[in-house]
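The basis for the numbers below is simple: all heavy atoms, side chains too, and nothing from hydrogens, waters or symmetry mates. Because the structure is predicted, anything quoted here is derived from the model rather than measured. The chains referred to below are lettered A, B, ... by the order of the sequence lines, with proteins before strands, and numbering in each begins at 1.
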Amino acid sequence: MDGIHDLGGRQGFGTIRYAVGAPAFHADWEKRVNALYGMAVRRGIFNMDEYRHAIERMPARQYLSASYYERSLTSLLTLCVEKGIVTREELEHLAQGIVPLSEPSAPGRTNLPDPETFQPGDLVRVKNDFFAGHVRMPGYIRGKPGVVVSESPRYPFPDAHAHGVEAVDEPTYDVAFRTEDLWPNSADSALVHVGVFQSYLERAL
Amino acid sequence: MDGIHDLGGRQGFGTIRYAVGAPAFHADWEKRVNALYGMAVRRGIFNMDEYRHAIERMPARQYLSASYYERSLTSLLTLCVEKGIVTREELEHLAQGIVPLSEPSAPGRTNLPDPETFQPGDLVRVKNDFFAGHVRMPGYIRGKPGVVVSESPRYPFPDAHAHGVEAVDEPTYDVAFRTEDLWPNSADSALVHVGVFQSYLERAL
Amino acid sequence: MNTQSRPSQVAPIENRVAAIEAVFEQRGMEPKPFIETMTHAAEQEWVPRNGARVVAKAWTDLAFRQRLFANGKDAVAELGLSMPAHHRHLVALENTDTIHNVIVCTLCSCTAFTIIGLPPDWYKDLDYRARVVRESRTVLREMGLDLPPEIEIRVWDTTADTRYMVIPVQPPETIGWPEEKLIDIVTKESMIGVARL
Amino acid sequence: MNTQSRPSQVAPIENRVAAIEAVFEQRGMEPKPFIETMTHAAEQEWVPRNGARVVAKAWTDLAFRQRLFANGKDAVAELGLSMPAHHRHLVALENTDTIHNVIVCTLCSCTAFTIIGLPPDWYKDLDYRARVVRESRTVLREMGLDLPPEIEIRVWDTTADTRYMVIPVQPPETIGWPEEKLIDIVTKESMIGVARL
């Protein structure tokens with residue numbers, strides 16, 4: 001989905017609050033959220049793709065204003081309700097207040113047809129593909145040309161795996177893109193390497 | 001700029017809070033903001049392109065969480081500080097608190113070179129153009145094909161006019177795009193008409 | 001508050017508005033009468049009845065209708081209606097039995113406000129701006145306008161300073177009504193294009 | 001609170017966390033010991049020193065270095081380091097005098113957290129995610145790493161479940177140091193790629 005979470009290359013963001021040795025956690029509840037969602041994954045209540053997608057399904061304003069672990073918590077609560085572990089009413093009774101949840105999901109999809117196999121050095125193009133469900137193709141590479149650098153182990157196809165749809169694991173390719181192709185005249189020169197699922201790629205002519 | 005304000009086609013937004021006869025204003029201060037920014041424009045303190053751009057320059061989180069007239073106020077305050085009408089310190093003294101302002105602007109640019117003139121019926125393509133300053137090309141038409149429907153009167157080139165850069169007024173074309181071209185397999189079928197400045201267009205081959 | 005130190009809390013929005021108004025006052029710009037004039041205009045002059053008069057005339061006067069589609073700004077001037085200087089063009093969009101037009105401004109919230117009235121809150125909301133270009137039929141249905149599939153949708157994104165207004169289809173039962181009576185049935189929503197009459 | 005009516009205020013975040021913990025407790029999932037174990041792991045086991053050991057070994061053991069670049073996950077396992085099952089691949093990125101690598105996850109905030117430690121706050125912030133792919137040199141400079149123009153930048157966006165770690169250039173003055181002493185100079189920041197050593 002072309003959600004607000006798809007931030008790569010978006011302008012208007014500011015200085016990074018950088019400090020050497022910056023902490024991962026700022027509060028005790030953050031550690032508990034990190035453990036509780038990990039427990040739910042370990043127990044098979046949901047998988048990592050469902051977890052990531054439930055974060056993306058947060059209403060845009062909430063996504064941008066929430067902290068990292070608040071997003072994580074919202075995903076955990078949403079999926080526990082959707083999977084029937086608990087009702088929203090029970091959560092709100094226990095929490096003594098409104099419990100914000102993510103929006104419902106669009107349908108998933110299986111691996112895209114006619115997959116091609118690529119070798120390092122192959123010129124590829126990211127398909128001009130739009131999908132309302134979970135997808136791990138950042139918008140900034142859509143339709144763009146790149147070069148295959150290497151192949152990774154097969155992974156579950158996220159567009160299926162985040163939606164409980166049966167699909168086969170597929171290769172991901174490390175594809176290098178030039179920022180000159182991604183944002184002509186409007187980026188610092190660099191190569192951007194992205195792990196791209198086979199379904200998202202076609203051979204460049 | 002590829003800012004958070006460029007919302008057309010972004011997913012994850014929700015139901016429209018629609019009511020017949022819905023009001024334009026919800027509070028008295030909103031009417032005063034509407035008048036005060038209008039007064040500043042009338043007085044030549046800033047123009048409408050500068051006004052729109054100063055809204056876009058709000059930090060992303062503030063942009064999304066602010067109401068329409070709060071965005072309008074932030075632009076008014078930012079431009080009055082930038083134009084030397086008042087200092088931020090004086091505003092904060094008068095307001096007895098922090099006065100959030102927009103981020104500084106990137107440089108502007110003049111009309112793009114080699115402008116082409118188009119006639120109704122001409123096939124055109126929006127340039128694959130990226131610009132960190134003010135631009136009135138919504139991201140969803142970038143690189144997309146369309147058909148010229150008509151020509152409008154000349155307007156100041158916004159990429160210049162929002163930045164105090166000298167430029168000539170240029171034609172805008174009413175260009176019709178098919179949603180099938182904008183978001184293949186991922187949109188309701190429709191024609192989307194956009195008023196596109198000449199500088200953003202090239203002839204489709 | 002000590003002017004030497006920076007405040008720690010964001011000022012309430014009313015304070016921020018009062019601050020810039022005070023600055024304008026101090027600079028001799030006399031904002032108060034301007035606010036009164038502007039607010040009166042926004043509430044009493046820039047009303048949807050202006051656009052309704054345009055629509056009713058376009059329904060009943062074929063020559064005006066042709067002039068309206070040829071040059072909207074000149075045509076509405078015949079009715080004593082004006083637009084700000086930077087709105088250099090008004091395009092009237094003709095709904096038919098097979099075409100439905102709807103207006104948005106995805107980048108901000110531009111409208112022909114002197115003609116159809118200031119935009120309602122939902123028009124300026126991020127949800128409408130984000131969704132109506134990509135999901136026009138779905139959004140209109142959610143808003144209560146369930147268009148039959150044979151009606152094509154045309155969405156107009158107000159990205160330059162040309163302004164748009166929708167001329168709705170005249171309800172057949174009102175054919176022959178006097179112009180004054182027709183004016184009363186034209187709504188702001190129908191001129192934005194989220195409703196038909 | 002009456003369970004029959006919906007609350008009107010958003011519950012404090014601690015309450016929301018406590019609510020799901022209580023649900024897990026009621027379902028017999030015994031969350032408390034799991035939280036203790038996980039938190040201990042997050043704070044004591046998934047520490048940047050793991051990655052620092054990998055780097056120091058790669059600096060001092062050429063055969064290990066080759067195995068690390070050939071198959072990162074197998075190589076770090078030699079040092080007793082493991083990764084979650086869904087991290088199926090670890091790619092070690094070699095900095096050189098002319099190439100600098102930096103890691104991001106624009107879509108969320110993925111990292112090889114068992115190896116280089118949980119990501120610091122700024123890595124998960126929207127600003128870093130939005131900017132570093134497009135303005136890498138500018139962002140690194142703002143963060144205190146002003147790379148000379150002859151050094152090319154390679155940004156790695158963690159969009160699949162392959163994970164990355166940067167192998168910084170060994171400072172020339174440390175050539176010949178014992179591995180234990182080298183481990184101490186390798187920072188988490190240098191393995192993300194926002195610092196050089």
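For chain B, the nearby parts of C:Y128 are the backbone and the side chain; heavy atoms of each come within less than 4.5 Å. Neither the backbone nor the side chain of C:T187 comes within less than 4.5 Å of any heavy atom of chain B. At a 4.5 Å heavy-atom cutoff, the contact between B:L36 and chain C is made by backbone and side-chain atoms alike. Contacts between C:P119 and chain B at a heavy-atom distance below 4.5 Å involve the backbone alone (N, CA, C, O). Neither the backbone nor the side chain of C:E36 comes within contact range of chain B, judged by heavy atoms closer than 4.5 Å. At a 4.5 Å heavy-atom cutoff, the contact between C:T158 and chain B is made by backbone atoms alone. Heavy atoms closer than 4.5 Å to chain C are found in the side chain of B:T172, but not in its backbone. Only the side chain of C:A42 comes within contact range of chain B, with heavy atoms under 4.5 Å apart. B:Y68 touches chain C through its side chain: at least one heavy atom from C-beta onward sits under 4.5 Å away, while N, CA, C and O do not. Looking at C:R154, both its backbone and its side chain come within 4.5 Å of chain B, counting heavy atoms on both sides.
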Test log, rule side chain to side chain contact (heavy atoms under 4.5 Å, CB included), inputs C:L197 and C:T174:
CA-CA 10 Å; C:L197 298 176; C:T174 69; over 6 Å; no

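Among B:A187, B:P100, B:G9, the residue making the largest number of heavy-atom pairs under 4.5 Å with chain C is B:G9. Taking chain C as the reference chain and counting heavy-atom pairs below 4.5 Å, the highest number among B:F25, B:Y69, B:Y155 is found for B:Y155. Looking only at heavy-atom pairs under 4.5 Å with chain C, the residue among B:M137, B:R88, B:R154, B:E70 that has the most is B:E70. With chain B as partner, the option from C:E135, C:M38, C:R16, C:R137 having the largest number of non-hydrogen pairs under 4.5 angstrom is C:R16. Contact count against chain B (heavy-atom pairs under 4.5 Å) is highest for C:H86 among C:H86, C:E142, C:Q26. Of the listed residues (C:V194, C:D157, C:T138, C:T37), the one with the most heavy-atom contacts under 4.5 Å to chain B is C:D157. Between chain C and the options B:V196, B:I85, B:D6, B:V33, heavy-atom pairs under 4.5 Å are most frequent for B:I85. Contact count versus chain B (heavy atoms, under 4.5 Å) is highest, among C:H100, C:E21, C:E152, for C:E21. The choice from B:N34, B:L191, B:L91, B:V192 that makes the most heavy-atom pairs within less than 4.5 Å of chain C is B:L191. Put simply, of C:T162, C:L118, C:T39, the one with the most heavy-atom pairs under 4.5 Å next to chain B is C:T162. In terms of heavy-atom pairs under 4.5 angstrom with chain C, the leader among B:L64, B:T74, B:V41 is B:L64. Heavy-atom pairs under 4.5 Å with chain B peak, among C:S109, C:G144, C:A85, C:G117, at C:S109.
Of the inter-residue distances, the one linking C:D161 atom CG with B:M48 atom CE reads 7.0 Å to the nearest 0.5 angstrom.
Donor-acceptor pairing under 3.5 Å is lacking for the side chains of C:R131 and C:S136. B:E50 and B:H53 share no donor-acceptor pair across their side chains, judged by distance under 3.5 Å alone. Between the side chains of B:T110 and B:E166, no donor N or O sits under 3.5 Å from an acceptor N or O. A side-chain donor from one of B:Y51 and B:S72 sits under 3.5 Å from a side-chain acceptor of the other. Side chains of B:H161 and B:N47: a donor on one and an acceptor on the other come within 3.5 Å.
Contact check on B:D2 versus B:R142 returns a salt bridge, with a Lys/Arg side-chain nitrogen under 4.0 Å from an Asp/Glu carboxylate oxygen. With salt bridges taken as basic N to acidic carboxylate O contacts below 4.0 Å, one links C:R49 and C:E180.
For B:F131 and B:Y200, the ring centers are positioned 6.0 Å apart or more.
For the pair B:R71 and B:Y63, the cation-pi test (distance below 6.0 Å, angle within 45°) is passed. At least one cation-pi condition fails for B:R136 and B:F197: the charged atom is not both under 6.0 angstrom from the six-membered ring centre and inside a 45 degree cone around its axis.
Here the side chains of B:T15 and C:D127 are not in contact, with every heavy-atom distance at 4.5 Å or above.
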